[in-house]
Amino acid sequence: MMNLEAIEEFKRLFRAETGLDAEENAADFAGWLFLKRQTAIIEIIKDLNDRNQNQPATVKLLKSVMNRLLLV
């Protein structure tokens with residue numbers, strides 16, 4: 001769960017990137033936030049994969065994360 005300061009910062013970023021108010025455009029904000037989250041997760045996965053290719057623990061972790069992403 002996010003704290004209020006983080007939510008306010010995301011609202012500011014949303015307004016800066018889209019010109020829209022997050023509270024007046026809640027559905028757009030939710031979609032934008034979801035895409036930001038997915039992008040961050042994908043960047044983490046790519047970084048893990050690049051640094052630890054073919055290591056069993058990394059492969060297992062990546063499979064677990066990808067399975068969870070598909071369920072979300």
Side-chain angles (χ1 to χ4, degrees):
M1 182 176 296
M2 286 190 208
N3 67 35
L4 292 178
E5 289 176 9
I7 293 170
E8 292 302 319
E9 181 61 25
F10 279 116
K11 285 180 180 180
R12 283 190 285 279
L13 287 171
F14 177 73
R15 180 181 284 282
E17 288 184 19
T18 66
L20 301 172
D21 180 82
E23 292 182 18
E24 292 176 5
N25 299 280
D28 292 326
F29 178 62
W32 177 88
L33 195 57
F34 177 80
L35 291 175
K36 290 291 184 188
R37 176 181 169 265
Q38 295 302 96
T39 301
I41 291 170
I42 290 169
E43 287 177 14
I44 291 167
I45 290 169
K46 285 180 181 177
D47 184 56
L48 276 172
N49 190 47
D50 291 346
R51 288 195 275 157
N52 304 296
Q53 284 189 333
N54 300 321
Q55 293 184 15
T58 302
V59 171
K60 186 176 180 179
L61 175 63
L62 290 174
K63 284 182 180 179
S64 173
V65 170
M66 292 304 290
N67 285 334
R68 289 182 184 265
L69 282 175
L70 294 174
L71 294 175
V72 174

To the nearest 0.5 Å, how far apart are CZ in Phe10 and CZ in Arg37?
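Going from CZ on Phe10 over to CZ on Arg37, the span is 11.0 Å.
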
So, taking the atom named CD1 in Ile41 and the one named CD in Gln38, what distance separates them when rounded to the nearest 0.5 Å?
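Those atoms lie 5.0 Å apart.
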
Residue list, side-chain contact (heavy atoms from CB on, under 4.5 Å) with Ile42, at least two apart or on another chain:
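Result, side-chain contact (heavy atoms from CB on, under 4.5 Å) vs Ile42: Lys46.
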
With Asp47 via salt bridge (charged side-chain N to carboxylate O under 4.0 Å, His left out) - residues at least two apart:
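Counting only residues at least two positions away or on another chain, Asp47 forms a salt bridge (charged side-chain N to carboxylate O under 4.0 Å, His left out) with Arg51.
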
For residues 22-32, please give each side-chain donor-acceptor pair under 3.5 Å, one per line with the distance, not counting sequence neighbours.
residue	atom	partner	partner atom	Å
Glu23	OE2	Lys11	NZ	2.7
Asn25	ND2	Asp21	O	2.9
Trp32	NE1	Glu17	OE1	3.0

